[in-house]
Amino acid sequence: MEWNYKNEDKLLTITLKEEIDHHTVEKIRRKIDNEIQRYMPKKVVFDFNYVNFMDSAGIGLLIGRYKITNMLRRNFRNKEYNYKCKKNIGDVRCAKNYTNSKREDCGKSRRK
Amino acid sequence: MSNICENEMKLEFTSKSNNEAFARITVAAFASQLDPTIEELADIKTAVSEAVTNCIIHAYEGKEGIIKILCQVFAGSIQIEISDTGKGIEDIETAKQPLYTSKPNLERSGMGFTIMESFMDEMKVESIVGLGTKVTMKKIIKKE
Ligand SMILES: Nc1ncnc2c1ncn2[C@@H]1O[C@H](COP(=O)(O)OP(=O)(O)O)[C@@H](O)[C@H]1O
Ligand SMILES: [Mg+2]
């Protein structure tokens with residue numbers, strides 16, 4: 001798996017290169033969620049061009065990431081990001097990353 | 001299409017998730033004697049991966065068990081039987097519904113049986129609660 005983050009567009013592109021099944025998906029999922037939490041992208045693009053095998057574990061992976069990015073975006077709009085993110089993703093670090101990369105927005109949400 | 005079995009292969013392995021790739025690659029290698037297209041092979045690999053994964057997560061629920069595969073080649077088709085002696089399925093019709101999963105917390109999509117059914121030409125599920133499950137699938141490999 002490789003990723004590329006374009007700050008101007010807040011676009012995270014994830015290029016998957018391994019076979020995706022129930023065995024491999026665990027590791028892939030962890031890596032993707034790490035990157036999503038690190039960059040807090042507005043948009044995530046998955047590139048499946050180099051994947052030569054995928055079963056329904058890949059569908060579960062995509063639906064799961066879709067839910068997470070949706071949740072983050074909704075929380076972003078609601079400005080309840082820090083609280084919800086900690087609760088739902090269970091990762092305190094993500095609030096910190098958020099502060100670093102998007103100081104302004106985060107300041108607003110924290111003032112609320 | 002003839003129903004005389006021309007070639008047969010049996011596989012038995014432990015319900016470890018790294019065997020998912022082993023199982024689908026082995027079955028695909030055996031199926032290649034029928035000269036399938038790349039697409040037909042991919043269908044077989046995906047269906048086998050689904051059935052084997054189900055044995056690991058649902059039948060044995062992460063505990064160790066044995067998964068058996070029987071492959072039979074007929075003129076123009078391959079039949080694949082994948083069985084476990086795990087917990088069994090109570091309601092097969094519900095289990096086969098697209099999107100149905102008994103383990104939504106594991107990010108299962110509930111598309112396993114749907115994929116097996118649509119990627120293969122025939123699929124039959126037999127199960128007895130407490131004894132195990134057998135999925136039999138058939139793929140017709142057209143000869144040009
Ligand atoms: N070998 C099996 N042993 C016991 N239960 C099974 C087995 N295969 C499938 N099931 C049941 O059928 C349901 C649907 O399976 P499937 O379509 O592959 O979706 P998923 O694996 O995503 O849950 C499973 O959630 C499970 O309850
Ligand atoms: Mg399944």
Side-chain angles (χ1 to χ4, degrees), chain A residues 1 3 12 14-38 41 44-75 84-91 94, chain B residues 13-28 38-39 41-62 67 82 95-120 135 137:
Chain A
M1 185 189 115
W3 65 89
L12 176 65
I14 293 181
T15 308
L16 296 156
K17 299 203 160 169
E18 47 278 88
E19 302 207 327
I20 306 171
D21 62 19
H22 153 257
H23 178 69
T24 60
V25 82
E26 215 48 63
K27 215 159 139 192
I28 300 172
R29 176 183 297 133
R30 237 179 297 127
K31 280 195 207 158
I32 295 176
D33 287 354
N34 247 341
E35 298 322 314
I36 291 180
Q37 288 177 39
R38 166 141 65 134
V44 183
V45 171
F46 289 94
D47 181 354
F48 281 87
N49 267 318
Y50 303 98
V51 176
N52 50 40
F53 179 84
M54 168 179 133
D55 65 15
S56 71
I59 305 174
L61 175 78
L62 274 186
I63 296 174
R65 285 340 92 208
Y66 176 76
K67 283 183 186 159
I68 285 183
T69 47
N70 244 8
M71 177 190 84
L72 293 177
R73 218 173 316 158
R74 193 170 55 239
N75 294 335
K84 281 256 176 105
C85 184
K86 269 189 219 169
K87 191 177 166 208
N88 291 329
I89 303 183
D91 192 336
C94 108
Chain B
F13 53 92
T14 322
S15 59
K16 289 209 157 55
S17 62
N18 55 343
N19 283 334
E20 288 157 13
F22 162 74
R24 63 176 178 261
I25 291 165
T26 309
V27 171
I38 291 171
E39 203 172 310
L41 264 188
D43 290 350
I44 293 172
K45 275 167 95 171
T46 314
V48 170
S49 196
E50 293 296 346
V52 170
T53 301
N54 280 353
C55 300
I56 294 169
I57 350 184
H58 301 301
Y60 297 121
E61 300 188 294
I67 301 169
I82 300 180
K96 280 160 71 177
Q97 291 299 311
L99 300 176
Y100 172 81
T101 177
S102 55
K103 292 193 166 29
N105 51 321
L106 292 184
E107 281 195 358
R108 304 301 310 155
S109 60
M111 292 302 284
F113 279 133
T114 311
I115 286 177
M116 292 182 241
E117 212 159 19
S118 52
F119 284 22
M120 303 294 274
V135 176
M137 302 179 282

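Please read all numbers here as calculations on a predicted model, not as lab measurements. Throughout, a chain's letter reflects where its sequence line sits, starting with A, and its residues are numbered from 1.
Residues H23(A) and K16(B) fail the side-chain proximity criterion, which asks for heavy atoms closer than 4.5 Å. Between S56(A) and R108(B), some side-chain heavy-atom pair lies under the 4.5 Å cut-off.
Remark: D47(A) engages no residue in a salt bridge (Lys or Arg N to Asp or Glu O under 4.0 Å) (not counting sequence neighbours).
Nearest heavy-atom pair, E107(B) versus G64(A), reported as atom, atom and distance to 0.1 Å: OE2-CA, 3.5 Å. The minimum heavy-atom distance linking S109(B) with G60(A) is given by the pair CB-N, 3.8 Å.
Within 6.0 Å of the CZ atom in F48(A), the count of heavy atoms belonging to other residues, nucleotides or ligands exceeds 12. Other residues, nucleotides and ligands contribute only 12 or fewer heavy atoms inside 6.0 Å of the OH atom of Y66(A). Within 6.0 Å of the NZ atom in K103(B), the count of heavy atoms belonging to other residues, nucleotides or ligands exceeds 12.
Only the backbone of L106(B) has a heavy atom closer than 4.5 Å to any heavy atom of chain A.
Distance check, rounded to the nearest 0.5 Å: NE2 of H22(A) to CD1 of I57(B) gives 4.0 Å. Between the NZ atom of K45(B) and the CG atom of D21(A) there is a distance of 11.0 Å, given to the nearest 0.5 Å. For the atom pair CG of L99(B) and CD1 of I63(A), the computed distance is 7.0 Å after rounding to the nearest 0.5 Å.
At a heavy-atom separation below 4.5 angstrom, chain A is approached by N18(B), E20(B), A21(B), R24(B) within residues 18-26 of chain B.
Counting only distance, with no hydrogens or angles, the side chain of E50(B) and the backbone of D55(A) share no donor-acceptor pair below 3.5 Å.
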